[in-house]
Amino acid sequence: MIRRLLLLLPVVAMLSACVTNSNTPFQGDKVSMKQAAQDNVALAIQYLKSGNRDAAMQKVQKAIDEDPDNANAYTAEALIYGASQENDKAKSAYKTAMRKAPDDPEIQNDYAVFLCQHGNTKESIGYFLGAANNPHYSTPGDALTNAGLCALKIPDAAAAEQYFRKALQVNPNLLEPMAQLAEINYARKNYLAARAFIERFDYLAPGSRPDVLLLGVNNERALGDQQRATDYAKQLMHLYPTSDQAAQLQQGGTPHG
């Protein structure tokens, strides 16, 4: 089974992009309150990544004090609450972030990921599509991919396929939609279509995922091409001998060649 995980939150990278030492005293106009707030947001994300949620929250609260209109600060606050499973507080913080920056597609996508992760799948898709349709969003294909991944959780394979195909129209080199479309077509017994997506994935990122390699084995077996199935199996066993997919392959009998 192809993995079905939502894409990493792009807002984390965005929030941590600029880091300076915000512990130094302000010197006149050299450091504005808005810049200091953004620096503290970036530091908060660094602390969150290292698992220090208390320090992260301290930096976020300082950022909010310095600039109450900084949407990134509330997004960071939501991430911290989410990491602590304080979901109601996280949702409230996301709502505040969107009020502060209603046209920010990164925040929309981030909030949509949160909603999907907590069972609000249909609501989340609306936010994903809103982000994808925002002309200022640099990675609309990611939001469309996330919409597809969330649609699979409903489950609604037809809608998911639509979103994955749109993601590839936006960016033909996105790997996740290829893998998902291969899985969807395999499940429908559209083995030639599945092969096309697997080959396309393998051309761009050869041997990069054990789940796609195992799908290649199973799909080629279904097509009756034992040589191709053996080739995928050999790659899987060589590159990922301790993976769950390798264990599944061995349980079904490792092809010889």
Side-chain angles (χ1 to χ4, degrees), residues 3-23 34-132 134 137-139 142-154 176 209 244:
R3 63 182 179 178
R4 292 175 177 174
L5 302 177
L6 294 178
L7 299 181
L8 293 176
L9 308 185
V11 74
V12 173
M14 179 268 293
L15 293 179
S16 58
C18 59
V19 181
T20 63
N21 184 1
S22 63
N23 291 322
K34 289 184 179 294
Q35 183 60 55
Q38 189 60 27
D39 293 343
N40 275 313
V41 171
L43 289 170
I45 294 299
Q46 285 193 339
Y47 280 125
L48 180 60
K49 286 180 177 180
S50 66
N52 192 341
R53 296 172 191 165
D54 291 340
M57 185 60 78
Q58 289 175 7
K59 290 297 181 183
V60 162
Q61 294 305 320
K62 187 174 181 180
I64 291 172
D65 289 341
E66 291 164 338
D67 182 7
D69 292 324
N70 188 317
N72 292 338
Y74 297 102
T75 304
E77 184 181 45
L79 291 172
I80 297 166
Y81 280 133
S84 302
Q85 303 301 315
E86 297 181 78
N87 295 332
D88 289 342
K89 291 181 179 180
K91 187 172 184 177
S92 177
Y94 278 124
K95 291 284 191 180
T96 302
M98 288 190 293
R99 284 198 302 272
K100 299 293 183 180
D103 296 323
D104 190 313
E106 281 90 0
I107 295 176
Q108 287 183 331
N109 181 75
D110 200 39
Y111 180 53
V113 170
F114 171 82
L115 289 174
C116 187
Q117 288 174 335
H118 294 88
N120 298 311
T121 50
K122 292 183 179 180
E123 184 182 2
S124 74
I125 289 173
Y127 283 100
F128 284 132
L129 298 182
N134 190 315
Y137 196 30
S138 60
T139 57
D142 289 347
L144 288 165
T145 300
N146 277 341
L149 291 168
C150 203
L152 289 176
K153 295 179 67 174
I154 293 176
E176 190 65 34
R209 277 175 47 173
D244 291 341

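Basis for what follows: all heavy atoms, side chains included, without hydrogens, waters or symmetry-related copies.
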Where Thr75 and Ala97 come nearest, the two heavy atoms and their spacing: OG1-CB, 3.4 Å
For the residue pair Arg53 and Leu48, establish whether any side-chain heavy-atom pair is separated by less than 4.5 Å. yes
In terms of heavy-atom contacts, Glu77 and Ala93 come closest through OE1-CB, 3.6 Å
Taking the side chain as everything from C-beta on, heavy atoms only, tell me whether Glu176 gets closer than 4.5 Å to Leu149. yes
To the nearest 0.5 Å, what is the distance between SG (Cys116) and CG (Leu152)? 9.5 Å
Those residues at least two apart in sequence (or on a different chain) that pass side-chain contact (heavy atoms from CB on, under 4.5 Å) with Ala132 are Pro140, Ala143, Leu144
So which heavy atom on Val60 is nearest to which on Ala73, and how close? CG1-O, 3.5 Å
One should read off an interatomic distance between Lys122 NZ and Cys150 SG, to the nearest 0.5 angstrom, of 11.5 Å
NZ (Lys100) and CG (Asn72) are apart, to the nearest 0.5 Å, by 13.0 Å
Could you check Gln58, Glu66, Lys62, Gln35 and say which one makes a side-chain hydrogen bond (donor to acceptor under 3.5 Å, both in side chains) with Asn40? Glu66
Suppose we screen for ring-ring contact (aromatic ring centres under 6.0 Å, His included). Which residues come up paired with Tyr111, at least two apart in sequence or across chains? Tyr94, Tyr127
Heavy atoms of Ala131 and Pro105 approach each other most closely as CB-O, 3.5 Å
Would you call Phe114 and Asn87 a side-chain contact if the rule is heavy atoms closer than 4.5 Å? yes
Measuring from atom NE2 of His118 to atom CG of Asp88, what distance do you get when rounded to the nearest 0.5 angstrom? 10.0 Å
Residues Gln108 and Asn134: side-chain donor-acceptor under 3.5 angstrom: no
Please round to the nearest 0.5 Å and tell me the distance separating atom CG of Asp69 and atom CZ of Arg99. 11.5 Å
Tell me if a side-chain donor or acceptor on Asn120 pairs with a main-chain N or O of Glu123 at a distance below 3.5 Å. no
Should Asn109 and Thr139 count as side-chain neighbours, where that means a heavy-atom distance under 4.5 Å? no
Verify, without hydrogens or angle tests, whether Ser92 (side chain) and Lys89 (backbone) share a donor-acceptor contact under 3.5 angstrom. no
Can you check whether Phe128 reaches Thr145 side chain to side chain, under 4.5 Å on heavy atoms? no
Interatomic distance, Gln38 atom CD to Leu43 atom CG [nearest 0.5 angstrom]: 10.5 Å
Can you confirm whether Lys95 sits close enough to Met98 that some side-chain heavy atom of one is under 4.5 Å from a side-chain heavy atom of the other? yes
